[in-house]
Number of protein chains: 2
Amino acid sequence: MSKCEQCIVRQFSSLKALNKEELLRMAECKTSYTIKKGEPIFEEGEVTNGIYCIKDGICKLSKLSDNGKDQIVKLVKPGELLGQRSMISDEPANLSAVALEDMEVCFIPRSEVMQFFNQNNQFSMNVMRTICDDLKGADDHMVNMAQKTVRQRLAETLMYLEETFGKNEDGSLHIQLSREELAGMIGTATESCIRLLSELNKSGYIELTGKKITLLDKNKLKRLT
Amino acid sequence: MSKCEQCIVRQFSSLKALNKEELLRMAECKTSYTIKKGEPIFEEGEVTNGIYCIKDGICKLSKLSDNGKDQIVKLVKPGELLGQRSMISDEPANLSAVALEDMEVCFIPRSEVMQFFNQNNQFSMNVMRTICDDLKGADDHMVNMAQKTVRQRLAETLMYLEETFGKNEDGSLHIQLSREELAGMIGTATESCIRLLSELNKSGYIELTGKKITLLDKNKLKRLT
DNA sequence: AACAAAGTATGACAATTATCATATTTTGTT
DNA sequence: AACAAAATATGATAATTGTCATACTTTGTT
């Protein structure tokens, strides 16, 4: 059983407010999991009964729409927590979490987290601020979905992916999404997404090499939005 | 200076957790306002420095998109609180709040609310749950915006308006939105909204009489979505 | 009552986006 | 290495939605 003290999740998340004793308690009750790319951490409607700490790997939070398409609501990085909203509302998950890369996560039971939550005011304020940030992000995202064209949303998403997940040595986006997943982020049909990518490619905004996407002219891309 | 004990807001909002002494303190520091239809309570980017209790009247929370159109993110009823997220994040308002009817609201300074928040655990849990509900609502709303057609969103919105704000004696929707505002809710051009309404009218799904909208066949409307 | 201004309605058309069909390429498995 | 399956790409076409022009109605003001 590994310690929680030096864990990346503790450095970036609400958990940074926990003291040594609380970290020890957490280390004792946590469960570590390895999750393969493509596998779910939890699914929409599932009772999660705790939170997940993302130690390594990226995952998508998505929701199945009535039309059968999976809309990606958010991407989650190492250092973040999953399942905080469900824990506080005491409700099943509203979104599914699926690994986009091989992942390492720890599960901490609800009862334990709620203890920290009630005892440690700084911790609960941290959780609260995170949820407030998510709410602001979701409102802004909603406005973009409602008011921007697919091309604008694609350009914004590509820049977001580079800013958030960085580039490889060759300059291509580090995060690898399938065309279907990218379409699921911007809220469009897979074919439309492919067509627009290939248009941006021909116009010199981006470069497509196999699955790799490289942003060539970010100023031009920004002007699209 | 009126009392807070019997106020409608106390019955429906997070404030129900406050005790008599806290209510007295709140009554002393609150400021009451009357806001005319069309006037703002606060605007996007404004530092609010407190929360607003909606005693009477309905307002819209909206955000101006880059294309110059106002997207309505949420409608707020009497009994609800405004500005909780900004208060906790200690940030300016992310959305504008504008009265859709003449309103009565009370303003409570941030310092006071934060005291309740820190002292009264039930109150802070209530606030937290409300924000969690908003987050779930925003995520769901986002998926609808991304995945449903304008016609589907219009049908859903009309049913939402009837469920949430009720009907007049003649069966028409109680809440009166301009076509532009309705378009701002569903995220489309005003002309498209008008055209679809008139199509639903001709097909017998709804009836348009001046500004009044009556839902005639809710089963059919539901099937559209 | 008269008038301007705003809101609602509709047509014509263009632009955007989805859908279906069909190649082509890549990936994974035996 | 060979093959099937999945992912990517592209064309053709239809459906949806936005834009601009214009007319009609309602509202509010003087």
Side-chain angles (χ1 to χ4, degrees), chain A residues 36-39 65-71 100-102 144-158 172-173 176-203 206-214 224-225, chain B residues 36-39 65-71 100-102 144-158 172-173 176-203 206-214 224-225:
Chain A
K36 289 250 170 286
K37 176 174 175 172
E39 285 178 357
S65 179
D66 298 336
N67 62 6
K69 287 185 188 163
D70 214 40
Q71 175 67 33
L100 293 175
E101 307 172 338
D102 290 353
N144 280 342
M145 286 298 179
Q147 296 291 346
K148 301 207 168 171
T149 65
V150 175
R151 180 182 283 100
Q152 289 175 319
R153 301 197 312 257
L154 173 59
E156 281 189 354
T157 301
L158 290 174
S172 63
L173 294 187
Q176 289 256 6
L177 296 174
S178 69
R179 300 295 191 253
E180 189 178 2
E181 284 166 334
L182 191 54
M185 281 199 73
I186 66 183
T188 191
T190 306
E191 297 95 321
S192 299
C193 175
I194 290 174
R195 213 180 298 277
L196 285 170
L197 279 175
S198 131
E199 185 191 303
L200 291 180
N201 185 26
K202 277 170 197 150
S203 322
I206 67 176
E207 187 178 53
L208 299 175
T209 326
K211 282 184 90 87
K212 290 192 173 180
I213 301 176
T214 309
L224 278 188
T225 68
Chain B
K36 289 248 168 288
K37 177 175 174 173
E39 285 178 357
S65 179
D66 297 335
N67 62 7
K69 286 184 188 163
D70 214 39
Q71 176 67 32
L100 293 175
E101 307 173 338
D102 290 352
N144 281 342
M145 286 297 179
Q147 296 291 344
K148 301 206 167 172
T149 66
V150 175
R151 179 182 283 98
Q152 288 174 318
R153 297 191 323 249
L154 173 58
E156 282 190 353
T157 301
L158 290 173
S172 62
L173 295 187
Q176 289 256 6
L177 296 173
S178 69
R179 301 294 191 253
E180 189 177 2
E181 283 166 336
L182 191 54
M185 280 199 74
I186 66 184
T188 190
T190 307
E191 297 95 321
S192 299
C193 174
I194 290 174
R195 213 181 299 276
L196 285 170
L197 278 176
S198 132
E199 185 192 302
L200 291 179
N201 185 26
K202 278 170 196 149
S203 322
I206 67 176
E207 187 178 55
L208 299 176
T209 326
K211 281 184 88 90
K212 291 191 170 181
I213 301 176
T214 310
L224 278 187
T225 70

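Hydrogens, waters and symmetry mates play no part in the numbers below; they use all other heavy atoms, side chains included. Convention: sequence-line order gives letters A, B, ...; per-chain numbering from 1.
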- Task: Five pairs at each end of the helix from dA1(C)-dT30(D) to dT30(C)-dA1(D): take the axis at both ends and give me the angle between them to 10°.
- Result: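 For the helix from dA1(C)-dT30(D) to dT30(C)-dA1(D), the axes at opposite ends meet at about 50°.
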- Ignoring hydrogens and angles, tell me if any N or O in the side chain of Asn144(A) forms a donor-acceptor pair with the backbone of Arg153(A) under 3.5 Å.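 Not a single qualifying donor-acceptor pair exists.
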- Item | Short side-chain to backbone donor-acceptor contact, Thr149(B) and Gln152(B), under 3.5 Å | yes
Whole angstrom is fine here: how far is it from [atom1] in [X] over to [atom2] in [N]?
{"X": "Arg151(A)", "N": "dA18(C)", "atom1": "CZ", "atom2": "C1'", "answer": "15 Å"}
{"X": "Leu200(A)", "N": "dT16(C)", "atom1": "CG", "atom2": "P", "answer": "13 Å"}
{"X": "Lys37(A)", "N": "dT27(C)", "atom1": "NZ", "atom2": "P", "answer": "10 Å"}
{"X": "Arg153(B)", "N": "dT17(C)", "atom1": "CZ", "atom2": "P", "answer": "12 Å"}
{"X": "Leu154(A)", "N": "dT17(C)", "atom1": "CG", "atom2": "P", "answer": "11 Å"}
{"X": "Leu224(A)", "N": "dT16(C)", "atom1": "CG", "atom2": "P", "answer": "11 Å"}
{"X": "Gln176(A)", "N": "dT26(C)", "atom1": "CD", "atom2": "P", "answer": "14 Å"}
{"X": "Glu199(B)", "N": "dT10(C)", "atom1": "CD", "atom2": "P", "answer": "12 Å"}

- Here the pair of heavy atoms bringing Gln71(B) nearest to Ala146(A) is OE1-CB, 3.3 Å
- Query: Has Ser192(B) got a side-chain N or O lying under 4.0 Å from the OP1 or OP2 atom of dT17(D)?
  - Reply: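 Checking dT17(D) against Ser192(B), no side-chain N or O comes under 4.0 Å of OP1 or OP2.
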- Counting only side-chain N and O atoms of Lys148(A), is one of them less than 4.0 Å from OP1 or OP2 of dT17(C)?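 For dT17(C), neither OP1 nor OP2 has a side-chain N or O of Lys148(A) closer than 4.0 Å.
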- Item | Residue pair Leu173(A) / Thr214(A), side-chain heavy-atom distance below 4.5 Å | no
Contacts of [X] that satisfy side-chain hydrogen bond (donor to acceptor under 3.5 Å, both in side chains) - sequence neighbours left out:
{"X": "Glu191(A)", "value": "none"}
{"X": "Asp66(A)", "value": "Lys148(B)"}
{"X": "Ser172(A)", "value": "Asn168(A), Asp170(A)"}
{"X": "Glu207(A)", "value": "none"}

List, one per line, each side-chain donor-acceptor pair under 3.5 Å for residues 180-188 of chain B, sequence neighbours excluded.
| unit_1 | atom_1 | unit_2 | atom_2 | d |
| --- | --- | --- | --- | --- |
| Glu181(B) | OE1 | Ser178(B) | N | 3.0 |
| Glu181(B) | OE1 | Ser178(B) | OG | 3.4 |
| Glu181(B) | OE2 | Lys60(B) | NZ | 3.3 |

- Item | Out of dT17(D), dT10(D), dA18(C), whichever nucleotide has its closest atom nearest the side chain of Lys202(A) |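 The nucleotide sitting nearest to the side chain is dT10(D).
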Can you check nucleotides 1-3 of chain D for protein contacts, nitrogen or oxygen pairs under 3.5 Å, and list what you find?
none

In chain order, what residues pass the side-chain contact (heavy atoms from CB on, under 4.5 Å) check against [X], with sequence neighbours excluded?
{"X": "Thr225(B)", "value": "Ala155(B), Glu156(B), Met159(B)"}
{"X": "Arg179(B)", "value": "Thr190(B), Ile194(B), Leu197(B), Leu208(B), Ile213(B)"}
{"X": "Lys36(A)", "value": "Glu39(A), Asp102(A)"}

- Item | Check: dG11(D) base within 3.5 Å donor-acceptor of Arg195(A) side chain | yes
- Message: Once you apply a heavy-atom cut-off of 4.0 Å, does Thr149(A) come out as touching a base, just sugar-phosphate, or nothing?
- Response: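 Answer is sugar-phosphate: Thr149(A) comes under 4.0 Å of backbone atoms only.
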Can you give me the N/O atom pairs linking the protein to nucleotides 6-9 of chain C at distances under 3.5 Å, or say none if there are none?
| unit_1 | atom_1 | unit_2 | atom_2 | d |
| --- | --- | --- | --- | --- |
| dT8(C) | OP1 | Lys211(B) | NZ | 2.9 |
| dT8(C) | OP2 | Arg179(B) | N | 3.0 |
| dA9(C) | OP2 | Arg179(B) | NE | 2.9 |
| dA9(C) | OP2 | Arg179(B) | NH2 | 3.4 |

